[in-house]
Structure formats: C-alpha cells, structure tokens
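In this text, all values refer to a predicted model and were calculated from it rather than measured experimentally. Convention: sequence-line order gives letters A, B, ...; per-chain numbering from 1.
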There are 2 protein chains.
Amino acid sequence: MDLLTVDRLPPILRSAIATRQLVAGQRLFRQGDSASAVFVIESGRLKIVRNTEEGKPITIEIARAGESFAESALFSEFYSYTAIAEVTSEVIAYPKQPLLSTLRDRPDLAEDFMTLLVRKNNALIVDLELQSIKAAHRRVLQYLQYLVGSSDSKVVSFDRPLKDVAGEIGLNPATLSRALTRLENEGAIARELNSIILQDFSAA
Amino acid sequence: MDLLTVDRLPPILRSAIATRQLVAGQRLFRQGDSASAVFVIESGRLKIVRNTEEGKPITIEIARAGESFAESALFSEFYSYTAIAEVTSEVIAYPKQPLLSTLRDRPDLAEDFMTLLVRKNNALIVDLELQSIKAAHRRVLQYLQYLVGSSDSKVVSFDRPLKDVAGEIGLNPATLSRALTRLENEGAIARELNSIILQDFSAA
DNA sequence: CGCATAGTTGACTACGCTCAACCCTGGTGG
DNA sequence: CCACCAGGGTTGAGCGTAGTCAACTATGCG
C-alpha cells in the first residue's frame with residue numbers, strides 16, 4: 001500500500017505527522033477516545049478490537065507494517081474501537097484536520113483514500129462471509145484459502161499464537177485445534193511445525 | 001442522506017445519470033458482473049447479497065429510499081455482490097467514469113462520498129459485532145436495540161417477513177421465532193401484531 | 001372457498017463452548 | 001546442566017443450544 005507515503009504529501013501535512021513508539025500490549029487509543037488522527041504502521045502489528053456489550057471483545061482487523069487504520073476518525077468525533085499493539089510497534093499519526101484539508105486540495109490523494117476505504121469495506125465483507133460459515137472446520141478452511149489467496153505457495157505460517165487466530169475467526173482455541181486435526185484427517189491440509197500446507201483440489 | 005442530490009451535480013454527471021425501474025425479485029446486477037455504476041434508491045428496497053462458496057447467500061445490507069449502494073464499483077472492475085429488488089423499486093444509476101471525474105473536480109462531493117464510505121464501514125462493523133453474539137435471543141435483542149437506536153419510541157415494526165429478518169441477522173426463521181418468544185417471556189419485549197415493543201431497563 | 005406462504009412449535013441431531021487435565025516447549029534460575 | 005515453571009496446544013467429557021425436518025395453524029389473496 002503506497003498511500004500516504006511521506007514524499008507525496010504537501011508541507012502542511014508533512015510537518016504535522018508524528019511517529020509514536022508502542023510496546024507490546026500498549027493501547028494506542030481506546031474506544032470512546034476523541035478521534036484525533038489516522039495512523040499508518042511503520043513496523044510491528046496492531047490489533048483493532050471492539051468491545052461488545054456482552055463481555056467478549058471482537059477483532060475487527062489485524063493491521064501490519066504498511067497498512068493504515070482508524071480512517072473513520074476523519075469523519076467521526078470518537079474512535080469506535082480500540083487499537084492495541086500486539087508487538088513492539090512504530091506508527092505514524094496523521095492528524096485529522098491537516099489530513100482533511102490535504103484531501104480537499106489533492107484529488108489524487110483523495111482518490112487513493114477512497115480506494116483504501118473500499119478495500120477495508122471488502123475486507124469486512126469477507127469477514128462477514130467467514131462468520132456466516134457455522135461449521136468450524138469449513139470456516140477454518142475458507143480462512144486458510146483466503147490467506148493464501150491466489151498465490152501459488154499454498155503454505156500458511158502464523159506470526160502469532162493459534163489462540164489469537166482462533167479469536168480472530170470467532171472460534172475457541174479448543175475448537176480451532178479440533179478443526180485443524182479434522183481437516184488434516186480429511187486430507188485437506190497438512191501440518192508441519194508452524195506451517196500449514198493447503199492441499200489443492202480446492203472446492204469439494 | 002443528502003449525498004449526490006441532483007442539483008449539486010455538474011452538468012457532465014447530471015446528463016449521465018439514468019433511472020431504472022425494477023420489479024420485485026428483479027436483479028439489478030449480479031456478483032461478477034462488470035462494475036459500471038453506483039446507485040441511489042429513489043423508491044423501494046434492495047437487498048445486497050453475497051453468494052458464499054457454500055450454498056447460503058448472506059445479506060450484506062438492506063438499502064432503502066435515499067440510500068446508496070455499490071460504491072465499491074468505483075474502484076473495482078466487477079461487482080462483488082448481487083443487488084435484488086425486494087419490492088418494486090426505482091434507482092438512479094451514476095455511471096462510473098463521469099462520477100469518478102466529478103469526485104476529482106469537486107472536493108466537497110469527494111468528502112461526502114468518503115463520509116458515506118465510512119458509514120458503510122461502521123454499519124459492517126456493527127453487523128460483525130452482531131454476528132459475534134452466539135446466543136440467539138441476545139443477538140435479537142441487540143439487533144432490536146440497534147434498530148430503535150437513540151430514538152425514544154422503542155417500537156419496531158418490520159416492513160418485510162420475519163424470515164427475511166432472520167436471514168439478515170444470521171438466524172433460522174424457527175430460531176428467531178423461539179428467540180422472540182423467549183424474550184417475551186423474560187419480559188424484555190412485548191409483541192403486538194406487526195410491532196415489537198422494547199421494554200427499557202436496558203442492560204441486564 | 002381454497003391455495004400458498006408465513007409463523008409457530010415439537011422432536012431430534014450436531015456441534016461449538018466450557019472446564020479441566022495433560023503434554024510439550026522455551027526460558028529462567030539454581 | 002538440569003529442574004522448574006509458564007504458556008500454548010491438544011484432548012476428553014458434558015452441556016446448551018442452534019439447525020433441521022416436519023407438522024400444524026393462521027393469514028392473505030385469487
């Protein structure tokens with residue numbers, strides 16, 4: 001994602017951005033905080049979660065280096081979710097007002113920004129589709145297929161514990177574990193240390 | 001939603017828009033069709049669905065008079081979902097290219113459009129949150145509370161069969177029925193013809 | 001008056017969640 | 001260098017409940 005790269009920005013915005021360091025577990029902002037900036041990740045990984053009225057927080061998105069988050073801050077007064085650093089991370093903050101006026105002045109950046117919003121939209125729709133699959137093993141398989149995408153590698157290795165992955169796709173660690181063994185027994189995947197290999201004879 | 005009202009539009013776009021009539025059940029476009037336009041509903045109601053790889057189609061959104069849909073068409077080559085008229089409807093089509101160049105020329109419209117995209121995003125997040133509630137009766141209650149929002153009326157009446165509502169929130173008609181009677185027994189709601197009255201002593 | 005569709009209810013099944021025990025690994029400290 | 005510990009992963013047992021199928025009722029329309 002090459003949006004909001006520094007050298008394309010006008011001086012007004014360029015002088016307004018600031019970087020912030022985060023340690024693992026640190027919260028960048030909390031649901032309900034006043035929305036002050038949009039962020040792009042320089043390094044590390046952030047988790048965007050939303051605390052539902054029942055206890056359980058749900059994961060909206062996992063953002064990694066090069067990705068942005070909290071775009072909705074531009075048009076909302078408060079953040080509607082919480083951003084937590086999963087590992088030591090560095091983020092760039094683009095303050096709301098300067099960014100807004102930049103987008104007004106620069107149609108090319110505005111268009112990029114819209115593209116970005118549409119992508120987020122699509123990602124959320126994919127999530128919804130995933131959640132709609134009730135059977136755990138099918139949901140997991142779909143998720144894995146989505147991760148490898150159209151790449152030819154067919155190998156997935158996670159950079160975080162399986163229990164976190166489970167949370168992301170709305171499953172229990174125990175249920176995820178069972179789903180994986182089931183997929184393995186059915187021959188849909190093979191496991192190996194930290195990696196999962198998708199066997200392709202795709203649809204069934 | 002006052003976005004894209006005709007009198008704010010430049011002539012280039014104004015002359016490019018066209019209205020289309022749809023009868024109940026008619027598909028405006030299908031998942032995979034070439035993305036040619038963004039739409040706004042003049043009258044009626046459209047359902048946006050996505051066909052998952054398993055059989056079951058899922059409802060992404062219900063769009064009503066005054067609302068827009070298929071914004072992602074602007075930045076995608078194909079529609080990633082299907083639009084079906086639920087009742088006789090009239091929509092205005094804003095062709096992709098003229099709309100794109102208008103957004104480039106008119107920062108005010110571009111900003112409105114971004115606001116709109118962010119709202120869609122938030123709506124999807126609300127959906128995700130809803131789906132994360134496993135217990136049917138709790139999910140239904142949350143949905144009803146979301147529908148009445150901050151209004152003081154506390155009354156919900158649906159303009160479409162309950163079985164469609166069930167599909168929208170990811171439940172079975174039978175399960176929804178049971179959930180409603182359970183909520184009624186617990187005193188959380190009261191039912192009356194086509195209406196549902198929320199009893200407020202909100203959280204429990 | 002009858003047909004079609006929606007809503008409700010019952011019986012049954014399947015499966016995801018919870019709790020808990022166990023294994024395994026990596027890291028720490030004696 | 002080994003003993004211990006902590007956390008993640010796996011596995012078992014049992015429970016609750018959403019899904020399915022099906023029957024029955026109620027409603028609206030031709």
| task | Evaluate whether atom CZ of Arg14(B) has more than 12 neighbouring non-hydrogen atoms of other residues, nucleotides or ligands under 6.0 angstrom away. | result | yes

| query | Under a 4.0 Å heavy-atom cut-off, which of residues 170-181 of chain A touch DNA chain D? | reply | Ala174(A), Ser177(A), Arg178(A), Thr181(A)

| note | Leu162(A) atom CG is separated from dT25(C) atom P, nearest whole Å, by 15 Å

| Using a distance-only test with no angle check, is there a side-chain donor-acceptor pair under 3.5 angstrom linking Glu90(A) and Gln21(A)? | yes

| query | Does Arg160(B) come within less than 4.0 Å of Glu168(B), counting only side-chain N to carboxylate O? | reply | yes

| task | Rounded off to whole Å, could you give me the CD-to-C1' distance for the Glu184(B) and dT8(C) pair? | result | 12 Å

| message | Counting only side-chain nitrogens and oxygens, does Lys134(B) get under 4.0 Å of the OP1 or OP2 atom of dC15(C)? | response | no

| remark: Outermost contacting nts on DNA chain D, any atom under 4.0 Å from chain B heavy atoms, listed 5' then 3', are dA18(D) to dT20(D)

| task | Answer yes or no: are there more than 12 heavy-atom neighbours, outside Phe158(A) itself, under 6.0 Å from its atom CZ? | result | yes

| task | Please identify each residue that fulfils side chain to side chain donor-acceptor pair (under 3.5 Å) with Glu86(A), with sequence neighbours left out. | result | Arg45(A)

| Any side-chain N or O of Arg191(B) under 4.0 Å from OP1/OP2 of dG7(C)? | no

| query | Please give, in whole Å, the distance from dT8(C) C1' to Asn185(B) CG? | reply | 13 Å

| said: Once you measure the plane-to-plane angle for Tyr81(B) and Phe29(B), does it fall in the parallel (<30°), tilted (30-60°) or perpendicular (>60°) bin? | reply: tilted

| message | Distance check needed: dT5(C) P versus Lys163(B) NZ, whole Å only. | response | 10 Å

| task | Looking only at non-hydrogen atoms, find the nearest pair between Ser157(B) and Ser195(B) and report the distance. | result | CB-OG, 3.8 Å

| query | Tell me: CD of Gln131(A) to P of dG16(C), nearest whole Å? | reply | 13 Å

| Does any donor atom in the side chain of Tyr79(A) or Ser72(A) lie under 3.5 Å from an acceptor atom in the other side chain? | no

